**Q** 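Pasting a structure here, questions to come.
Note: hydrogens, waters and symmetry copies are ignored here, and every other heavy atom, side chains too, is used. Just so we're clear, the structure is a prediction, and the values are computed from it rather than from any experiment. FYI, the numbering just counts along the sequence from 1.
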Amino acid sequence: MSRLPSVTGRDPRAGFRAERECAASVPQGLLKAARKSGQLNLSGRNLSEVPQCVWRINVDIPEGANQNLSFNATERWWEQTDLTKLIISNNKLQSLADDLRLLPALTVLDIHDNQLTSLPSAIRELENLQRLNVSHNKLKMLPEEITNLKNMKALYLQHNELTCIPEGFSQLSNLEDLDLSNNRLTTVPASFSSLSSVLRLNLSSNLLKSLPAEISRMKRLKHLDCNSNLLETVPSELAGMESLELLYLRRNKLRFLPQFPSCRLLKELHVGENQIEKLGAEHLKHLNSILVLDLRDNKLKSVPDEISLLQSLERLDLSNNDISSLPCSLGNLHLKFLALEGNPLRTIRREIIAVSKGTQEVLKYLRSKIKDDGLNQSDSVTETAMTLPSASRVNVHAITTLKILDHSDKQTTLIPDEVFDAVKSNIITSVNFSKNHLCEIPKRIIELKEMVSDVNLSFNKLSFISLELCMLQKLTFLDLRNNFLNSLPEEMESLSRLQTINLSFNRFKILPEVLYRISTLEAILISNNQVGSVDPQKMKMMENLTTLDLQNNDLLQIPPELGNCVNLRTLLLDGNPFRVPRAAILMKGTAAILEYLRDRIPT
């Protein structure tokens with residue numbers, strides 16, 4: 001690229017003076033590298049103002065150029081690149097000079113985490129700007145001139161003090177990502193409907209009492225976040241947003257759940273912590289693609305049978321409602337996570353609902369109610385007596401009807417052979433040997449390697465994992481809570497279908513390396529151990545991981561790069577000795593934690 005033309009009437013010595021004056025705050029090596037790469041990173045340098053040599057980097061002749069005219073091919077300053085990327089985040093800037101206009105080639109300007117109260121009107125000159133990050137400042141208003149930035153694709157304004165959006169904002173027709181969260185907005189302009197390219201809109205943590213119906217015209221919108229506002233209703237037109245995939249309406253004042261007849265791509269609906277009283281068939285019948293449904297902390301009294309229509313549903317949170325019974329058809333869903341705590345359920349025993357039992361136990365119970373309606377209990381006893389002389393020690397009903405091999409809560413150190421013998425030709429999908437005194441995994445478990453998908457060995461005395469367990473090729477759920485484990489064998493990598501592993505209350509000091517190599521993992525629960533570190537780079541490669549529970553460990557710091565694990569939906573970090581993120585950030589939930597961490601990645 002060619003250099004900018006020289007400014008008429010400019011003092012030819014101004015550049016030399018400017019470079020000498022700013023040498024103390026900006027090393028000359030950085031400026032030299034920036035002239036070659038077009039990128040300059042001055043984050044975290046305690047700057048209270050931007051040095052003149054930075055604004056003038058495109059117009060001033062570099063110091064030393066007049067002293068040596070024999071430039072080689074790599075040092076010919078007149079051919080070097082204009083600045084396209086400027087990062088001055090995490091400083092103490094209170095204002096930006098109008099000299100900002102001297103950098104018209106900028107495509108990226110990152111000034112997050114400063115003390116800016118306003119932006120200069122000269123920002124209108126940055127016509128090539130595509131990405132502007134002004135988050136975590138003290139902006140009370142935006143200049144009208146920002147609407148001149150027609151090439152803007154990403155605009156981050158979260159964590160400021162904005163009370164309104166300037167007229168003409170809708171002119172940013174190329175905008176794809178807009179974050180206005182954690183401000184003081186009371187309304188959203190109807191003109192937002194003209195932001196036809198926006199894919200992601202974050203309006204969470206404002207003071208919005210309503211949304212304009214016109215928002216439904218944002219036809220490309222995939223991700224809409226309106227968490228933590230004052231919404232009492234949402235416009236019915238929202239139901240027509242055909243591209244919508246993620247909708248967050250947590251922590252509002254909604255009394256009714258919207259219907260979504262046209263939102264056939266909707267994958268996640270989060271309406272927890274509202275005042276919703278009814279969940280009807282009409283709310284569910286169009287949610288063909290839904291994967292996550294969050295209804296926690298509402299006032300629901302029942303769940304309709306039509307819940308079974310949601311065949312794609314993977315995560316359902318019904319905790320802390322007024323639900324007294326569940327439809328048995330819920331057991332036919334392929335849920336990976338079901339939360340029911342805090343409901344006055346009368347039809348399911350409390351110990352089955354307990355978190356420690358897990359989702360699969362509840363679903364199996366509900367399925368058994370479907371199968372066993374009208375089952376005569378005496379028939380079950382007769383069958384047991386006829387099958388085994390020691391029937392009292394083997395739950396044959398569980399084997400034949402529920403496909404569970406259950407020998408739990410026996411306080412035994414060994415699983416008797418007769419337990420495995422009872423399987424015979426039956427199909428077994430689940431093994432429950434929890435609450436015993438097992439010091440090793442029974443070797444005969446390998447006999448089930450072609451069929452078992454769910455193994456519970458929690459509350460035992462296991463100090464190592466045998467290779468037999470690593471040969472259960474269909475294993476998807478493994479519960480090893482409350483044992484004496486401090487490592488896992490490398491051979492566990494062969495568990496190529498494993499989705500959930502629970503290692504809580506053991507003796508791990510690091511996250512076992514082998515877990516990073518099990519690409520199918522969706523949930524790692526390793527709370528209440530002594531874990532001191534995690535590898536964010538390896539974790540980022542775990543594309544299916546959505547839940548990571550690291551509560552009550554020994555983490556002294558959380559690596560900022562963990563924020564790049566954007567697939568995480570649940571990240572639990574409470575009870576560790578690190579100082580940042582602070583408790584206030586942790587309380588805001590996973591999305592806020594990940595954003596906080598990403599903002600602090602050195603660039």
Side-chain angles (χ1 to χ4, degrees), residues 351-352 356-365 367-368 371-372 375 377 379-485 488-489 491-492 494-503 506:
E351 61 267 25
I352 293 178
S356 60
K357 283 289 184 181
T359 295
Q360 300 311 315
E361 290 286 332
V362 178
L363 296 181
K364 283 168 193 164
Y365 175 83
R367 284 197 297 272
S368 75
K371 295 175 183 177
D372 296 344
L375 180 68
Q377 187 62 33
D379 291 344
S380 171
V381 172
T382 304
E383 178 190 359
T384 302
M386 292 174 62
T387 306
L388 278 175
S390 53
S392 61
R393 301 184 64 182
V394 181
N395 188 340
V396 177
H397 170 69
I399 292 174
T400 57
T401 306
L402 304 180
K403 301 180 182 179
I404 300 174
L405 185 58
D406 186 358
H407 199 72
S408 60
D409 206 6
K410 306 293 185 185
Q411 313 305 314
T412 183
T413 57
L414 294 170
I415 304 298
D417 282 339
E418 61 200 271
V419 173
F420 288 99
D421 293 341
V423 173
K424 295 189 175 180
S425 60
N426 290 291
I427 299 296
I428 294 296
T429 59
S430 298
V431 173
N432 187 357
F433 294 158
S434 63
K435 296 183 181 176
N436 285 299
H437 297 308
L438 302 180
C439 293
E440 62 179 330
I441 297 169
K443 295 188 182 303
R444 288 189 65 181
I445 200 169
I446 198 171
E447 297 173 12
L448 309 174
K449 67 177 183 178
E450 301 297 334
M451 47 187 169
V452 72
S453 61
D454 185 333
V455 172
N456 187 346
L457 291 161
S458 62
F459 295 91
N460 277 288
K461 297 183 177 181
L462 301 174
S463 58
F464 68 98
I465 299 299
S466 64
L467 297 185
E468 284 81 7
L469 186 72
C470 304
M471 299 176 73
L472 304 182
Q473 297 298 323
K474 295 190 176 180
L475 193 63
T476 60
F477 179 89
L478 178 57
D479 192 343
L480 293 166
R481 275 172 304 147
N482 291 80
N483 278 285
F484 300 148
L485 299 169
L488 296 178
E491 289 79 3
M492 282 186 70
S494 65
L495 298 176
S496 58
R497 299 188 184 185
L498 190 61
Q499 296 176 358
T500 299
I501 186 166
N502 194 337
L503 300 167
N506 275 283

**Q** Any sub-3.5 Å donor-acceptor pair from Thr476's side-chain atoms to Ser453's backbone N or O?
**A**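 Looks like yes, one N/O pair under 3.5 Å.
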**Q** Check salt bridge (charged side-chain N to carboxylate O under 4.0 Å, His left out) between Arg444 and all other residues, then give those that pass, not counting sequence neighbours.
**A** Asp417, Asp421, Glu447
**Q** Can you tell me how far the CG atom of Leu405 sits from the CG atom of Asn426, to the nearest 0.5 Å?
**A**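 Reported value, rounded in 0.5 Å steps: 10.0 Å.
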**Q** Is the shortest side-chain heavy-atom distance between Gln473 and Arg497 below 4.5 Å?
**A** no
**Q** Is it true that atom CE of Met451 has more than 12 heavy atoms of other residues, nucleotides or ligands lying nearer than 6.0 Å?
**A**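 More than 12 within 6.0 Å, yes.
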**Q** Test your reading of the model: is there a side-chain donor-acceptor pair from Asn436 to the backbone of His407, 3.5 Å cut-off?
**A** yes
**Q** When you compare the side chain of Thr429 with that of Asp454, does any pair of heavy atoms fall below 4.5 Å?
**A**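 SC-SC contact between Asp454 and Thr429 ruled out.
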**Q** Atom CG in Leu478, atom CD1 in Ile501: separation rounded to 0.5 Å?
**A**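 Leu478 atom CG to Ile501 atom CD1 measures 4.5 Å (nearest 0.5 Å).
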**Q** With respect to Ser430, which candidate in Lys364, Gln360, Glu361 satisfies the side-chain hydrogen bond (donor to acceptor under 3.5 Å, both in side chains) definition?
**A** Lys364
**Q** Would you name the heavy atoms of Cys470 and Ser494 that are closest together and state the gap between them?
**A**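 Reported closest heavy-atom pair: O-OG, 2.8 Å.
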**Q** Using only atom types and a distance under 3.5 Å, with no angle test, would you say the side chain of Asn506 pairs donor to acceptor with the backbone of Asn483?
**A**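 Judged by distance alone, yes, a pair lies under 3.5 Å.
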**Q** Answer yes or no: is there a side-chain heavy-atom contact under 4.5 Å between Phe459 and Arg481?
**A** yes
**Q** Any donor-acceptor pair under 3.5 Å linking the side chain of Lys474 with the backbone of Glu450?
**A**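 Judged by distance alone, yes, a pair lies under 3.5 Å.
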**Q** So how far is it from Leu467 CG to Lys443 NZ, rounded to the nearest 0.5 Å?
**A** 8.5 Å
**Q** For Leu480, is there any backbone N or O sitting under 3.5 Å from a side-chain donor or acceptor partner on Asn502?
**A**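 A pair under 3.5 Å: no.
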**Q** Side chains of Phe477 and Asn456: closer than 4.5 Å at any heavy-atom pair?
**A**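 They are not in side-chain contact.
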**Q** Taking all atoms of both residues into account, what is the closest heavy-atom pair of Pro442 and Leu438, and its distance?
**A**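 Of all heavy-atom pairs spanning Pro442 and Leu438, the closest is CD-CD1, 4.4 Å.
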**Q** Quick check: closest heavy atoms across Lys449 and Met471, and the distance to 0.1 Å?
**A** CB-O, 3.4 Å
**Q** May I ask you to test the Val394-Glu418 pair for a side-chain heavy-atom distance under 4.5 Å?
**A** yes
**Q** Using 0.5 Å steps for rounding, measure from the CG atom of Leu402 to the CD1 atom of Ile428.
**A** 9.5 Å
**Q** Please check this pair: side chain of Asn460 against backbone of Leu462, looking for a donor-acceptor N/O pair closer than 3.5 Å.
**A** no
**Q** At what distance, to the nearest 0.5 angstrom, does CG of Leu457 lie from CD1 of Ile415?
**A**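 Reported to 0.5 Å precision, the distance equals 8.5 Å.
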**Q** Can a donor-acceptor pair be found, under 3.5 Å and without considering hydrogens, that links the side chain of Ser408 to the backbone of Asn432?
**A** no
**Q** Measuring from atom CD of Glu491 to atom OG of Ser466, what distance do you get when rounded to the nearest 0.5 angstrom?
**A**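 These two atoms lie 10.5 Å from each other.
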